[in-house]
Asker: 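Supplied in structure tokens, the structure appears directly below.
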Amino acid sequence: MSEPYNPQEIEPKWQEQWDRDALYRAVIDESKPKFYALTMLPYPSGDIHIGHWYAMAPSDVRARYKRMQGYNVLFPMGFDAFGLPAENAAIQRNIHPKAWTMANIARERQQLRSMGAMIDWEREAISCLPGYYRWTEWFFRKFYDMGLVYRKMSPVDYCPSCKTTLAREQVIGEERICERCGSPVVKKDLEQWFWKITDYADELLDFSKIDWPERIRLLQTNWIGRSEGAEVVFRVAPEDLPADAAPGTGDLVVFTTRPDTLWGATFMVLAPEHPLVEVITKPEHHPSVHEYQFQAGRQSEIERLSTEKEKTGVFTGAYAINPVNGARIPIWVADYVMMGYGTGAIMGVPAHDERDAAFALKFGLPIIPVIDRLDGEARSLVFPASVPPDFAATLDRAGIAYRAAPVGDLGEGLYVSLHGKEQIERYVELMRQALLPGHWNDVVGSGWTFIFPGEVCQLDSVEADRAILARCRALDPPVGENRTVMEMLSHCEFYSDILIHHEHGTMINSSAFTGTPGDQAIHKVTTWLADRGMGKAAVNYRLRDWLVSRQRYWGAPIPIVYCDQCGIVPVPYEDLPVLLPDDVAFMPTGESPLRYHEGFLNTTCPKCGGPAKRETDTMDTFVCSSWYQYAYLSPYYREGEPVDATSLPWDPAEQAYWAPVDTYTGGAEHAVMHLLYTRFFTKALRDAGVVDFDEPMLQLRNQGVILGEPRPGDCVDVQGTWEGAAFHAERITVYGFADPATWPAFAREATRVCGELMDRDETTLKVRTSDAGGLTVVHINAEMPVAIPGKEGLGTVNDLLYHLDVEKMSKSKKNVVAPDALVASYGADTLRAYLMFGWRWEQGGPWDSQGIEGIVRWLNRVWSLVQDPPRESRDAVVPDQAAARELQRALHYAIKSVTEDLETFSFNTAIARLMELTNALSKAKPNCWGSDLWTEAVRGLLLLLAPVTPHMTEELWSLLGYPYSIHQQDWPVWDEALLLEDTIELPVQINGKVRARITLPAGSSEEAIKAAALSDAQVQRNLEGKQVVKVIVPRGQLVSIVVK
RNA sequence: GGGGAAGUGUCGGAAUAGGCAGACGAGCAUGACUUAGGAUCAUGUGCCGCGAGGCGUGCGGGUUCAAGUCCCGCCUUCCCCA
């Protein structure tokens, strides 16, 4: 018998050996094809968690597999080491961010080593070290020279009490309060640095050169949000501008995707931050506009843009001129328009835009339809007593559909549905004749017609809107307080879904353009506008330039100085890096200490030599992670040597060989930030002449998330007394969570409460006392001793386990799975294999602590399978022919499917195939042990398993006497011919149901198969008394007989 | 509201050029070996039915010799956008 499998002994042993032999050192080797496998680097928060393992271990398996296939594989690792948590630790615990970060890295590096991954640690790169961030600064400088960098005012979230800017995650909840002090957060305008990612917007929409998941491509496409349309210039009415205004001051450029709706623009809306608001607002409107601007500043973008939200806004008192018809339209300020989107000004076309419609209805602005419906639908509500009683019969004769039903409490009316121009016209004519004096009728949807006694009006202009409303006012039904025709109509439920649409129908009510078909409308109007200098075709992007400024200490310094004489001066390349000073005093508020560090702040101007101040903002950490894949090529390149504008930031030979990344793996949560920024970065570097390719990562795959394991809570049976709504515990009996079968029935009685523990804190237990989920609060004394099943001695209520649902793992929820503990009890190989096997990799799911036992059993079986002779051994080493053939087939099948599965990231099925091969070996063992085939099959299993369980296979490889190292062997290849079965079993379907199975030699002809099927006794029985219509043998897979 | 993804045994999940649904595990059950078992080995395990047999991939239709897979219409969940 072999020694038992002991990963705790084997794993460190081989890790040290591999280290000594530099087995995973990746060096350029022109004789081999390269493969750059990259997995997202961790942020050093202090602990490598199961999510890191889930991302990295299968990626490592695939990298190892590629290496065995003959590729020279680079699989590096580093740390994304700048960022806010380090600074928070400094403030809260008085630890320097650098010390905190480097200590975390030291710990995490050890944790990662326990995984046994083929990481080349000599290429490790840490983004917070000067050798790294010198180049981060160099890129800022380079992009500055390329014109990709600019500075402008931009709002940040700011806490007036802490006097500090806040990161997005530091602003809490809908109330938008500061996470540190709870004060309301406000927006504050600061000069900040931007990178022109928008210059690359169109190129970033092109994914033709990369194999990335559809989902990520879609997210990026939506994020970039390219829309085509036109820019149209509206002028502020001259009398609403200051007399001394420069020419062009009042030009309001509007971007619209629907220039064909221009004739329906009945108002304009400016973003509260729009600079023209101040200029045009009439004095009497100043107070309300200013108040509104302040309120808007406190809200988040998501709130502002929500369609759910009640529309708000204020009138400026000023008017603009609609360029297409000269109409004076009011200019409003409203928060649903964002300064950053388009131009910060929109034209309101309420008839064909939902948000404009909501705004117009709220503030009584006219709504004029200018695009016809595509479906030709129209409706008309005929009020009771507005027509003679025989009108329904008239409609019947005309073939017009209607429904008779009460209208409020006014009596029975007719709800008429019309379709098509002709029918609408016929209806209007019938109504014109039938309408009784003192009433009116309307047709809405297609047509927009108002029928009055003796007159028919169209709702085709603001003037018509007013005229119609005035006429209605004199008639029945009453108009009430309604300010526009549409507002009046909007109260009628029958019309609710027909008033507003955004289809591309034929233009109506648009002077000379009326009748222009929808498919030509935008193009024709845009051309016409351009010819008259009123506008032009334009493209708008949702994507905004990348704001790289952070008002923080722990980030890469922005290499800029401010000189009184020379203005903004970039730090010369030769002077990089601008070092982050270590001796800084952290403000309890979180304000950047750089702003008060005299040594850092004061410098000399590189241009004139006079006194100057340094930029105190640092760069967004996404800048550091936008180029880390290149940092691994030659970490901290040329550290200590001066560099200049023409230097290369990494070893050109390394780049020429390894770049770009072949396979990139990581979480999908970075879809639109990191993954878009790094693409931009590479394109900018290409234009800088640094790299000669367009995309940083050729193939991307995302893994899912491992969630917390659901678990019932312990059952507690509590004796005690009621104190109001709460129960005071005197004695607690516990039934373990593991066996609910032993639990007593849940109860809620006068002196007793019994149920599942759902939650617990220092003073209370929340107990589920009914199957429906009713909770009872039980007051406890934390020191109260309780006996807990499966635990030695007496515990306290703090040892009770409470119910856990499937949720994201978090320390506060106490559902974290710690990989270190799993490695300690099961070993890294077992954990690696389980993470591959347990879930669809791209999907993830809840942890299952039971499932890992299956892997334990499997690896133990492999361990003894290859070492121990069979229990009841046969004397002969000559294998039984059939058993041998079956084993051979199983081996080649496994080679083929494991290869294909690893290639396509189907890790769970790869493990399943390896288990099957193990099962096949077990089955064949008594017959084949010791034969050449047995040796070959065991060898094959170990090689296929080597990437998955590198330590165990290395140990077995060496125990079996093979030369070190298994990880330097070639990946096995399969023989298609050996995959085929000698005999095949075919199902026979009769009318689609499997009725029999027949066995035939492999490669039988279709005729032979048909004959065999029809002569099969079972088939014969099923065919009795029926007529065979046809017999099909598709691809030799089955027989399908059709009978009558 | 728009866009996307997904719904398969008790659970994780297999299977898509349309071709035997439930691979491989977990769990459960029975048996063996055991002083014992949360060890190991063997067998079984979609549902209903004693049985022959019938039913079965969210629901309802359709195409086809044949549908988890294709088409149409719904329902539910998750994600993104608004």
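The model shown is predicted, which means the values in this text are computed figures rather than measured ones. In the text below, chain A, chain B and the rest are named by the order of the sequence lines, each starting its count at 1.
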Asker: Report the distance from atom CH2 of A:W863 to atom C1' of B:U40, rounded to the nearest whole Å.
Answerer: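 Rounded to the whole Å, the gap is 18 Å.
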
Asker: Under 3.5 Å, side chain of A:K362 to main-chain N/O of A:T312, donor-acceptor pair present?
Answerer: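 Judged by distance alone, no pair lies under 3.5 Å.
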
Asker: So, is the end of the A:R832 side chain (NZ or CZ) under 6.0 Å from the ring centre of A:W53 and within 45° of the ring's axis?
Answerer: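 The answer is no, since A:R832 fails at least one limit relative to A:W53.
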
Asker: What interatomic distance, in whole Å, is found between P of B:U30 and the corresponding atom of B:C20?
Answerer: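 Looking at atom P only, B:C20 and B:U30 are 34 Å apart.
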
Asker: Using the salt bridge (charged side-chain N to carboxylate O under 4.0 Å, His left out) criterion, which residues pair with A:E886? Sequence neighbours excluded.
Answerer: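 A:R889.
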
Asker: Between B:C81 and B:C11, how far is it from one C1' atom to the other, in whole Å?
Answerer: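 Going atom to atom, C1' in each nucleotide, I get 34 Å.
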
Asker: Is it the case that the side chain of A:D356 and the backbone of A:V349 share a donor-acceptor pair, with hydrogens and angles ignored and the cut-off at 3.5 Å?
Answerer: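 It does hold such a pair.
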
Asker: Tell me, please, which residues at least two apart from A:R217 pass side-chain hydrogen bond (donor to acceptor under 3.5 Å, both in side chains).
Answerer: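 With neighbours one apart ignored, the set is A:E214.
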
Asker: At 4.0 Å (heavy atoms only), tell me whether A:N919 reaches a base, stays on the sugar-phosphate, or touches nothing.
Answerer: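 Sugar-phosphate, no base atom in range.
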
Asker: Between B:C24 and B:U34, how far is it from one P atom to the other, in whole Å?
Answerer: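 30 Å, rounded to whole Å.
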
Asker: How long is the straight-line distance from CE of A:M809 back to CG of A:L707, given to the nearest 0.5 Å?
Answerer: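 One gets 7.0 Å once the value is rounded to the nearest 0.5 Å.
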
Asker: Under 4.0 Å between any heavy atoms, over every strand shown, what does A:G844 touch: base, sugar-phosphate, or nothing? Just pick one.
Answerer: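 A:G844: backbone/sugar contact only, no base atoms under 4.0 Å.
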
Asker: To the nearest Å, how far apart are A:R857 CZ and B:C24 C1'?
Answerer: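 Result: 13 Å.
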
Asker: Within 45 degrees of the ring normal and closer than 6.0 Å to the centroid, is that where the cationic atom of A:R701 sits relative to A:W841?
Answerer: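 The answer is no, since A:R701 fails at least one limit relative to A:W841.
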
Asker: Rounding to an integer number of angstrom, what distance separates B:A23 and B:G9 when you compare their P atoms?
Answerer: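 Pairwise P distance, B:A23 against B:G9, rounds to 13 Å.
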
Asker: For residues 838-851 of chain A, which residue pairs qualify under salt bridge (charged side-chain N to carboxylate O under 4.0 Å, His left out), counting only residues two or more places apart or in two chains?
Answerer: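 Listed by first then second residue: nothing to list.
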
Asker: Given B:A82, B:G19, B:G27, identify the nucleotide with an atom nearest to the side chain of A:L1038.
Answerer: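 Given the options B:A82, B:G19, B:G27, the side chain of A:L1038 is closest to B:G19.
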
Asker: CZ of A:R542 versus C1' of B:C80: gap in Å, rounded?
Answerer: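 The distance from CZ of A:R542 to C1' of B:C80 comes to 10 Å, rounded to the nearest Å.
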
Asker: Please tell me which of A:T909 and A:G851 maps to the more 5' nucleotide of RNA chain B, matching each residue to the nucleotide holding its nearest heavy atom.
Answerer: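 That would be A:T909.
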
Asker: Identify all side-chain donor-acceptor contacts of residues 907-924 of chain A below 3.5 Å with residues at least two apart in sequence or on another chain.
Answerer:
| from | atom 1 | to | atom 2 | distance (Å) |
| --- | --- | --- | --- | --- |
| A:T909 | OG1 | A:D901 | OD2 | 3.0 |
| A:T909 | OG1 | A:S906 | O | 3.0 |
| A:R913 | NE | A:E916 | OE1 | 2.9 |
| A:R913 | NH2 | A:E916 | OE2 | 3.2 |
| A:T918 | OG1 | A:W858 | NE1 | 2.9 |
| A:T918 | OG1 | A:L914 | O | 2.8 |
| A:N919 | OD1 | A:R861 | NH2 | 2.7 |
| A:S922 | OG | A:T918 | O | 3.2 |

Asker: All N/O contacts under 3.5 Å from nucleotides 4-9 of chain B to the protein, with atom names and distances to one decimal?
Answerer:
none

Asker: Taking A:N222 for the side chain and A:G225 for the main chain, is one N or O donor matched with an acceptor at less than 3.5 Å?
Answerer: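 Here the side-chain-to-backbone pair does not exist.
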
Asker: Atom CG of A:N222 to atom P of B:G2: distance rounded to whole Å?
Answerer: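 Going from A:N222 (CG) to B:G2 (P), I get 15 Å.
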
Asker: A:Y336 has an atom OH; how far is it from atom C1' of B:A82, in whole Å?
Answerer: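 After rounding, the reported distance stands at 14 Å.
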
Asker: Can you give the dot-bracket line for RNA chain B, where a pair is Watson-Crick or G-U wobble with both atom distances under 3.5 Å, crossing pairs use [ ], and | marks a partner on another strand?
Answerer: (((((((..(((......[....)))((((((.......))))))(((....)))..(((((..]....)))))))))))).

Asker: Can A:F359 and A:W332 be said to form a ring pair (Phe, Tyr, Trp, His ring centres under 6.0 Å), step by step?
Answerer: CA-CA 10 Å; A:F359 192 80; A:W332 285 64; 5.6 Å; yes

Asker: Would you mind reading off the distance between A:L675 atom CG and B:C80 atom P, rounded to a whole angstrom?
Answerer: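 Computing the A:L675:CG to B:C80:P distance gives 15 Å.
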
Asker: Can you tell me how far P in B:C80 sits from the matching atom in B:C48, rounded to whole Å?
Answerer: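 Per the computed distance, 40 Å lies between those P atoms.
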
Asker: Pick out the pairs of N or O atoms, protein on one side and nucleotides 63-65 of chain B on the other, that lie under 3.5 Å.
Answerer:
| from | atom 1 | to | atom 2 | distance (Å) |
| --- | --- | --- | --- | --- |
| B:C65 | O2 | A:S1040 | OG | 2.6 |

Asker: Distance check, P atoms only: B:U16 and B:A21, in whole angstrom units.
Answerer: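 Rounded to whole Å, the distance is 14 Å.
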
Asker: If you assign A:I855 and A:V994 each to the RNA chain B nucleotide with the nearest heavy atom, which residue ends up on the more 5' nucleotide?
Answerer: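 Whichever sits nearer the 5' end wins; that is A:V994.
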
Asker: Looking at A:R355, does any N or O in its side chain come under 4.0 Å of the phosphate oxygens OP1/OP2 on B:G1?
Answerer: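 It does not, given that no N or O in the side chain of A:R355 lies less than 4.0 Å from OP1 or OP2 of B:G1.
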
Asker: Can you list everything that forms a side-chain hydrogen bond (donor to acceptor under 3.5 Å, both in side chains) with A:W863? Sequence neighbours excluded, please.
Answerer: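 With neighbours one apart ignored, the set is empty.
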
Asker: If we take the C1' atom in both B:G18 and B:A66, what is their distance in whole Å?
Answerer: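 The same atom, C1', in both gives a distance of 8 Å.
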
Asker: Hey, does the side chain of A:N540 reach the backbone of A:S227 with a donor-acceptor pair shorter than 3.5 angstrom?
Answerer: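 Answer holds: no.
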
Asker: Determine: side-chain N/O of A:N908 to OP1/OP2 of B:A14, distance under 4.0 Å, yes or no.
Answerer: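 Yes.
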
Asker: Using whole Å, what does the distance between atom P of nucleotide B:C80 and atom CG of A:L676 come to?
Answerer: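 To the nearest whole Å, that distance equals 17 Å.
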
Asker: Would you call the rings of A:H501 and A:H352 parallel, tilted or perpendicular, where under 30° means parallel and over 60° means perpendicular?
Answerer: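 Ring orientation of A:H501 relative to A:H352: perpendicular.
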
Asker: Just jot down the side chain to side chain contact (heavy atoms under 4.5 Å, CB included) partners of A:V1042, sequence neighbours excluded, or say none.
Answerer: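 By the side chain to side chain contact (heavy atoms under 4.5 Å, CB included) rule, A:V1042 matches A:N991, A:V1029, A:K1030.
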
Asker: Check each residue of residues 896-903 of chain A for a non-hydrogen atom within less than 4.0 Å of any atom in RNA chain B, then write out the ones that pass by number, or none.
Answerer: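 Residues of residues 896-903 of chain A under 4.0 Å from RNA chain B: none.
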
Asker: Looking at the rings of A:W839 and A:Y834, which for Trp means the six-membered one, are their centres under 6.0 Å apart?
Answerer: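 Judged by ring-centre distance (under 6.0 Å), A:W839 and A:Y834 do meet the cut-off.
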
Asker: Is B:G46 syn or anti, taking syn as a glycosidic angle within 90° of 0?
Answerer: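 Anti, since the glycosidic angle lies more than 90° from 0.
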
Asker: Taking only residues two or more places apart in sequence or in another chain, which ones pass side-chain hydrogen bond (donor to acceptor under 3.5 Å, both in side chains) with A:E756?
Answerer: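 Listed in chain order: A:R768, A:H803.
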
Asker: What nitrogen or oxygen pairs link the protein and nucleotides 54-57 of chain B at under 3.5 Å?
Answerer:
none

Asker: Is there a donor-acceptor pair closer than 3.5 Å between any side-chain N or O of A:T953 and the backbone N or O of A:T949?
Answerer: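 Checked: pair present.
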
Asker: Please give, in whole Å, the distance from B:G3 P to A:W223 CH2?
Answerer: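 After rounding, the gap between these two atoms is 21 Å.
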
Asker: Measure from the side-chain heavy atoms of A:W839 and tell me the nearest of B:G12, B:A14, B:G19.
Answerer: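 Side chain of A:W839 sits closest to B:G12.
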
Asker: Looking only at atom P, what distance separates B:G61 and B:A67, rounded to whole Å?
Answerer: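 Between the two P atoms, the distance is 15 Å.
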
